[in-house]
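All remarks here apply to the structure that follows.
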There are 2 protein chains.
Amino acid sequence: MQTDEIIRLMSEAGLRITDQRKTLAKLFADSPGYLSPKDVYDHMGRYYTGLSFDTVYRNLRVMDELGVLEQVMFEEGVKFKAHCREAHHHHHLICLHCGKTYPLTLCPMDMTEIPEEFKVVKHKFEVFGYCKDCTGEAEAAAAGSDG
Amino acid sequence: MQTDEIIRLMSEAGLRITDQRKTLAKLFADSPGYLSPKDVYDHMGRYYTGLSFDTVYRNLRVMDELGVLEQVMFEEGVKFKAHCREAHHHHHLICLHCGKTYPLTLCPMDMTEIPEEFKVVKHKFEVFGYCKDCTGEAEAAAAGSDG
DNA sequence: ATAAATGCAAACGCTTTGCAGTAAC
DNA sequence: GTTACTGCAAAGCGTTTGCATTTAT
């Protein structure tokens, strides 16, 4: 989603467009991957000296509830990114180093047989690894872990 | 995994087999689904009066590191279950009410095209919903949310 | 006997909340 | 001018850690 669209949606929802929210909208519009609350706080902190974590959290929550952001649980905790506006339901490749995501058109639900008695509510399909730009980091991580 | 096997693996790893760990092994061997640390604490608390959360956490961590438990991040937080010993890699249907899991033989990775440049490390495929015994809860949840 | 496991209490990190001042509408 | 947003401080929750005691080996 574009900065303008995020802001428009927030404004239409009756939210006030503060400087912080403009910066937040731009941050997520420009960011190709998932951001943790701390990532967001660090980025925002460059522009707002008195910035506090609770405001970051409040805005992330508001934007998540409004649907302009989507929230995903990683092992390291919650992360956010701008909601995908593509009409087509899809999943993602997610880079463990830079957080960048790449769409996967295939949805496994189309070919998964679910027993009739089981009432499906939602599903999760995510592929984690290292993208082109970060394959160097893959070896570093392998060397570092479990040494 | 069976209680005996969990205990055997822990013993072979040089861990001491305390009463609590026996109970823990049996709990996970008998439990068909994921358990939160609190679930575990509540269950254990019935048998051990002075039980403390930190011991529960310590044992969950030890057992996870040993590989007799597997740990999954849910939106509500971390949960554990006995590691699946089946040779075949598989995924799960997970009941949102009782936490029970059912194996899915299909793995979407077999039919997902990944760009050559992307180095896959791991993947996640989980289907959430309500199982046969809990479909009644599905309506209750729907009525309760977003009202 | 020795070293690991436990319980307690306290600390920790992440997230939320109450309140008074500030800013968008 | 009204009401929402913000920063501050403090509380909340889930989880981890240090230390003395207990227990499996």
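In what follows, every chain begins at residue 1, and chains take the letters A, B, ... in the order their sequences are listed.
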Starting at atom [atom1] of [X], determine the distance to atom [atom2] of [N], rounded to an integer number of angstrom.
| X | N | atom1 | atom2 | value |
| --- | --- | --- | --- | --- |
| B:Lys79 | D:dG14 | NZ | P | 13 Å |
| A:Arg21 | D:dG7 | CZ | P | 11 Å |
| B:Asp39 | D:dG14 | CG | P | 12 Å |
| B:Asn59 | D:dA24 | CG | P | 14 Å |
| B:Phe53 | D:dT17 | CZ | C1' | 17 Å |
| A:Glu76 | C:dG13 | CD | C1' | 15 Å |
| A:Met73 | C:dC14 | CE | C1' | 11 Å |
| A:Leu24 | D:dC5 | CG | C1' | 13 Å |

If hydrophobic clusters are built from ILVMFWY residues whose side chains come within less than 4.5 Å, do B:Leu104 and A:Met109 share one?
yes

Residues which pass salt bridge (Lys or Arg N to Asp or Glu O under 4.0 Å) with B:Lys22, listed by chain and number, not counting sequence neighbours
B:Asp19

Restricting to pairs with a member in residues 61-81 of chain A, which pass ring pair (Phe, Tyr, Trp, His ring centres under 6.0 Å), not counting sequence neighbours?
A:Tyr34-A:Phe74, A:Phe74-A:Phe128

Using a cut-off of less than 4.0 Å, is there contact between a side-chain N or O of A:Gln20 and OP1 or OP2 of D:dG7?
yes

Look at the side-chain N and O atoms of B:Thr55 and state whether any lies under 4.0 Å from the OP1 or OP2 oxygen of C:dA5.
no

Do A:His91 and B:His123 have ring centres separated by under 6.0 Å?
no

Base versus backbone protein contacts along nucleotides 18-25 of chain C [heavy-atom cut-off under 4.0 Å; B, S, -]
B----BBS

Measuring only between side-chain heavy atoms, which start at C-beta, is A:Leu93 closer than 4.5 Å to B:Pro115?
yes

Can you tell me if B:Asp39 uses its side chain to pair, donor with acceptor, with the backbone of B:Ser36 under 3.5 Å?
yes

